[in-house]
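One structure is given here, and the rest of the page talks about it.
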Number of protein chains: 2
Amino acid sequence: MTRTIPRPPASMEDVALDRLSGSLGFLLRLAQVQVFEAFFEDLGQYGLRPGEFSVLYVIHLNPGIRQGLLAQRLRIKRAHMTKMIRNFEERGLIARRTPDDDRRAIELRLTPEGEGFVSAHAEAFFSHDARRPTPLDPKEQAQLFALLQKYVGLTPETTP
Amino acid sequence: MTRTIPRPPASMEDVALDRLSGSLGFLLRLAQVQVFEAFFEDLGQYGLRPGEFSVLYVIHLNPGIRQGLLAQRLRIKRAHMTKMIRNFEERGLIARRTPDDDRRAIELRLTPEGEGFVSAHAEAFFSHDARRPTPLDPKEQAQLFALLQKYVGLTPETTP
DNA sequence: AATATTCTGTTTCCCAGTAGACAAATTTGC
DNA sequence: GCAAATTTGTCTACTGGGAAACAGAATATT
């Protein structure tokens, strides 16, 4: 034997990950960080945040949706949703209304300003992925989408 | 026309997402939350955290690795890594040492206790994915791994 | 009808993680 | 050899997000 003491890795490529690179959670985290960085590099200048836009967009699509249901669907905790919604309200982007038949609930709608925000940024937001060069070719990218959608239970409903 | 005012969605399945379900960032986030929850449901009882274990495991694989390189590889910010490392040190899991040839750097190694921690939890950690039933069949799961690895630039090196 | 249970959103308190400035050590350019 | 630029880790201050306890309203139980 020539050398029993391993030299510490000197560059990122030398760092051994072994079984970690087979951990789904680890891979998802790396991927998300990567996407996140690309997103800000591309759209951060407009003050656009992915979570923020998603919430407004879903309210746009589902006017009158209740806060809790929105949180459930986007997997945001209710406590956190309260803060986001308050912030949107302060910025004049959404309107809250308590329906008469259930005075616990709060129905959400976009104000005209909110609709303006969404329509102003929707195209940039949704075309971001496509604009971004990735190591995957189009076919692989489509596969990745399909697999993730299936994994999270969002397999697009065949219209009944 | 019968009704122009859409009824607000009443259950999660009714919530329209439209183009959002084609957003890579959104899908990755949903998937990560899902994996995270499954992980804690399964291993939270042992006080095991995914990020924490990953750091210790990579130090185990790369004894003497410097803090910054570790942060770079795991995409953790240096400032945050400082806190994690200090915490590990306080718990007696790692030892820090400044090499003579570069007195800025800090080399990290697991203590015997640290090695004990890693070997005690490695099997549970890495077999977690496999134990967990997912909506994907084994073939799809393998595809998902391969695509994610390629996406994040971790395509397993063919030994040269 | 009175009580208990559940549902909905909120509040308070906490922790993980980040940004940015910083000090010390090192490398580079002259 | 020395000043300037870069690297490495740390500090302070801040933000996003979560857990748990809470209050008011609705529903179930009796």
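Per chain, numbering begins at 1; letters A, B, ... match sequence-line order. FYI, side chains are in, hydrogens and waters are out, and symmetry mates aren't considered; it's all heavy atoms of this structure.
The side chain of A:Lys83 lies closest to D:dG17, out of C:dT10, C:dT18, D:dG17. The side chain of A:Gln67 sits closest to C:dT10 out of D:dG9, C:dT10, D:dG16. Nearest to the side chain of B:Ile106, among C:dA19, D:dG9, D:dG16, sits D:dG9.
Contact annotation: A:Arg103 does not reach the phosphate of C:dC7 (side-chain N/O to OP1 or OP2, under 4.0 Å). Under 4.0 angstrom from either OP1 or OP2 of D:dA19 there lies no side-chain N or O belonging to A:Arg78.
Look at CG on A:Leu74: it is 16 Å from C1' on D:dG16, rounded to the nearest Å. Regarding B:Glu37, its CD atom lies at a distance of 15 Å from the P atom of D:dG17, rounded to whole Å. Rounded to an integer number of Å, the gap from A:Met81 CE to D:dG18 C1' is 14 Å.
In this structure, the ring of B:Phe26 has its center no less than 6.0 angstrom from the ring center of A:Tyr57.
B:Arg104 contributes a side-chain N or O that forms a donor-acceptor pair with the base of D:dT7 under 3.5 Å.
Among the atoms of the strands shown, only primed sugar atoms or phosphate atoms (P, OP1, OP2) are found under 4.0 Å from some heavy atom of B:Ala105. Residue contacts for A:Arg75: at a heavy-atom cut-off of 4.0 Å it reaches no nucleic acid atom on any strand shown.
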